[in-house]
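One structure below.
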Protein chains: 2
Amino acid sequence: MKLVECSPDRLNLEVHNKSILIVLGDCMTLYEGRGAAHSEYGDKIIIIKQDGSVIVHGPTGFKPLNWQPDTIHVSFHSEEGHLVLKAVRGKPRETLVVKCRGTYGCISHEPRSSGGFYMYFSESEIRDILRDNPWMIEDGVRITEVEKPVQPGFIDLYGVDKEGRIVVFEIKRVKAGEEAARQLYGYVEKLRKSIPNVRGVLLAPGFTESAIEFLQKNGLEAKPIDLKKLYEMYSERVKRKAGLSSRSLLDYMG
Amino acid sequence: MKLVECSPDRLNLEVHNKSILIVLGDCMTLYEGRGAAHSEYGDKIIIIKQDGSVIVHGPTGFKPLNWQPDTIHVSFHSEEGHLVLKAVRGKPRETLVVKCRGTYGCISHEPRSSGGFYMYFSESEIRDILRDNPWMIEDGVRITEVEKPVQPGFIDLYGVDKEGRIVVFEIKRVKAGEEAARQLYGYVEKLRKSIPNVRGVLLAPGFTESAIEFLQKNGLEAKPIDLKKLYEMYSERVKRKAGLSSRSLLDYMG
DNA sequence: GAATTCATCTGGAGA
DNA sequence: TCTCCAGTTGAATTC
């Protein structure tokens, strides 16, 4: 990591060399593309990564003020002695301009290693656990298809209950609202054209009142899933994959 | 902006002083909370802002690898001589730990000005244009309510057409899929309990095939909106508010 | 605090 | 490429 001169030429060189660049300055931003936005002069952190991603942060908040993910062009130039960054995206056509009234400093870093990233406890993992342990959903149900395509979308789990009725399961890893219920209804509706008597079951750790109402009104079911129990079942798998202790996850769940 | 020693004590001091802190290092991350994730050792950019927001970026990509928006606790300590950052969120309870095998440098900056941020061309702007110019939607329609609350949600525009029928308008600023159509249907369905003969119209710059099908099947309508025309109408207001030329926006739309 | 919806949503998978 | 959907979605707004 090194401090570099905050001049357009030097910064363009660093960008060209695929270094990570961080600029701290008193800047304003202009964005035009799918939307349009601008920010007034104020302290900003500008990050330009190897792949041309540009991110502009203000002094507070988790979200960037402006960004540009897939740039086809990133360059600095000078306007009236002030540093200006222009970042252009190709598709969709979008332009981000950052004008710096002053700069506090510029840092460049040649990245060495990236390292993998792994996410757990996604909806697809919950789906796989339930697929392998259908008794956790209800007694006697048999899962016959996973991610069954319908038009449009995918049915998370598809199976037959102990009385031989077809069941469609829609899984949510967070509390389910009416939108999730509508999604399930869409799938069930499509199947009912060809298969009468289809059951639709929404599986989630919780449900909003309006979700419950919608489900009842449309002859669908809500079944709460116990995330803690799911992970008790699968703590070994979680540990193996993540090298994480599953204990703290369980603490959170409880 | 100043380079600071990458020691836990020094970094804790900077965090305590509400400085913006940037750490570049060879780090791994662990996150546990609503989900769980980990990343292997590799180059990371850690940003800690005034308000305690923590953001961890890898060498590529627009999205952070890990983050923590509303921390109740952020602190550095040392483990076997290595710098470790722990950031805890209160509700929901989530923990992020970043371990640095090595550090490339630490930067601290006392922010001076934040600068206001304005955003336009959001869905609400489109809604306001159409409210003020209902002729752009259809001949003779009169808008009587904006953001009319229903249970659950809000009807973007609510009015009466030239034949006296109640119309519900749902606006999307991007191409509308079946989900948007279902959303509209939900509103219409609720109104039909008390008002028969309600029209439902989806306004968007485009529609997916399945959205069109759903609308037709349920007696609803799709009306394309011309973003370019909307901008023409609105350019004066935009100019006044933002001090931007609206020309380039129009170029993009065309 | 809970619920709902928008977002320059992003990113990924599948056809 | 389009379409659909998950996301540690976040953030604003409303009740």
Side-chain angles (χ1 to χ4, degrees), chain A residues 29 31-38 53 56 61-70 89 91-96 117 119-127 147 149-156 170-180 183 186-187 206-211 249 252, chain B residues 29-38 53-56 61-70 89 91-96 119-127 147 149-156 170-180 183 186-187 206-211 249 252:
Chain A
T29 65
Y31 154 76
E32 290 180 13
R34 288 165 295 178
H38 84 125
S53 309
V56 182
F62 148 73
K63 283 210 163 175
L65 295 175
N66 295 100
W67 63 94
Q68 203 73 294
D70 299 305
R89 188 180 190 176
K91 203 168 167 37
R93 184 80 186 185
E94 303 192 286
T95 307
L96 173 63
F117 178 80
M119 181 77 226
Y120 310 93
F121 202 21
S122 60
E123 190 187 282
S124 64
E125 283 202 329
I126 296 174
R127 190 228 300 141
E147 288 292 283
V150 284
Q151 206 55 257
F154 299 88
I155 292 169
D156 288 331
E170 173 63 29
I171 301 167
K172 292 290 162 195
R173 59 184 288 293
V174 292
K175 188 184 255 202
E178 189 176 316
E179 188 182 310
Q183 192 182 341
Y187 299 146
F207 306 89
T208 67
E209 195 51 49
S210 75
L249 260 181
Y252 170 76
Chain B
T29 65
L30 288 169
Y31 154 77
E32 289 181 15
R34 289 164 295 176
H38 85 119
S53 309
V54 177
I55 308 158
V56 182
F62 148 72
K63 279 208 163 176
L65 295 174
N66 295 99
W67 62 92
Q68 203 73 293
D70 299 305
R89 189 180 190 177
K91 200 168 168 39
R93 184 81 185 184
E94 304 192 286
T95 307
L96 173 63
M119 170 74 234
Y120 58 91
F121 191 30
S122 57
E123 191 186 281
S124 64
E125 299 283 354
I126 297 174
R127 189 226 302 142
E147 288 290 282
V150 284
Q151 206 55 255
F154 298 87
I155 292 169
D156 288 331
E170 172 65 27
I171 301 166
K172 292 292 161 195
R173 58 182 295 295
V174 291
K175 188 184 256 203
E178 188 176 315
E179 188 181 310
Q183 191 183 344
Y187 298 147
F207 307 89
T208 67
E209 195 52 49
S210 75
L249 273 177
Y252 168 76

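In the text below, chain A, chain B and the rest are named by the order of the sequence lines, each starting its count at 1. As the structure is a prediction and not an experimental result, all values here were calculated from the model. Worth knowing before you read on, the calculation uses all heavy atoms, side chains too, and leaves out hydrogens, waters and symmetry mates.
Going from atom CD1 of I126(A) over to atom CD1 of I171(A) covers 7.5 Å, rounded to the nearest 0.5 Å. Once rounded to the nearest 0.5 Å, the distance linking CD of E147(A) with CD1 of I155(A) reads 10.0 Å. Atoms CE and OH, from M119(A) and Y31(B) in turn, are 6.0 Å apart once rounded to the nearest 0.5 Å. Interatomic distance, CD of E178(B) versus CD of Q183(B), reported as 13.0 Å (0.5 Å rounding). Here Y187(A) contributes atom OH and Q151(A) contributes atom CD; the two are 11.0 Å apart, rounded to the nearest 0.5 Å. Here the straight-line distance linking atom CG of N66(A) with atom CG of L96(A) works out to 5.0 Å at 0.5 Å rounding.
Atom pair D70(A):CG and dG12(C):P shows a separation of 11 Å (rounding to whole Å applied). For Y187(B) and dT4(C), the OH to C1' distance is 8 Å, given to the nearest whole Å. Rounded to whole Å, the distance from NZ on K175(B) to C1' on dA7(C) is 19 Å. Remark: C1' of dG11(C) and CG of L65(B) are 14 Å apart, rounded to the nearest angstrom. Taking atom CE of residue M119(A) and atom P of nucleotide dG11(C), one finds them 16 Å apart after rounding to whole Å. Rounded to a whole Å, the CH2 atom of W67(B) is 12 Å from the C1' atom of dG11(C). We find that NZ of K63(A) is positioned 14 Å from P of dC6(C), with the value rounded to whole Å.
Of the two residues contacting DNA chain C, namely V174(B) and F207(A), the nearest-nucleotide position lying further toward the 5' end is that of F207(A). The residue among E178(B) and R89(B) whose nearest nucleotide of DNA chain D is located toward the 5' end is E178(B). Ranked by how close their nearest DNA chain D nucleotide is to the 5' end, F154(A) and F62(A) are led by F154(A).
The residue Q183(B) sits close only to the backbone: its heavy atoms come under 4.0 Å of sugar-phosphate atoms, none of a base. The residue S124(B) sits apart from the nucleic acid: no heavy atom pair falls under 4.0 Å. Note on E147(A): nothing from the nucleic acid sits closer than 4.0 angstrom, heavy atoms only. Across all strands shown, Q151(B) has no heavy atoms under 4.0 Å from either base or sugar-phosphate atoms. Note on I171(A): nothing from the nucleic acid sits closer than 4.0 angstrom, heavy atoms only.
For dC6(C), the OP1/OP2 oxygens have a side-chain nitrogen or oxygen of K172(B) closer than 4.0 Å. In this model, the phosphate group of dT4(C) is approached by a side-chain N or O of S210(A) to a distance below 4.0 Å at OP1 or OP2. Put simply, R127(B) has no side-chain N or O that comes within less than 4.0 Å of OP1 or OP2 on dT5(C).
Although no hydrogens or angles enter the test, the distance criterion places a donor-acceptor pair under 3.5 Å between the side chain of Q68(A) and the main chain of E94(A). The closest donor-acceptor contact from the side chain of R173(A) to the backbone of F121(A) lies under 3.5 Å.
Using C1' as the reference atom, dA6(D) and dG10(D) are 15 Å apart when rounded to the nearest Å. Nucleotides dC5(D) and dT8(C) have their P atoms positioned 22 Å apart, rounded to a whole Å.
Closest to the side chain of A37(A), out of dA2(C), dT4(C), dT8(C), is dT8(C).
Running 5' to 3' along DNA chain D, contacts with non-hydrogen atoms of chain A at under 4.0 Å begin and end at dT1(D) to dA11(D).
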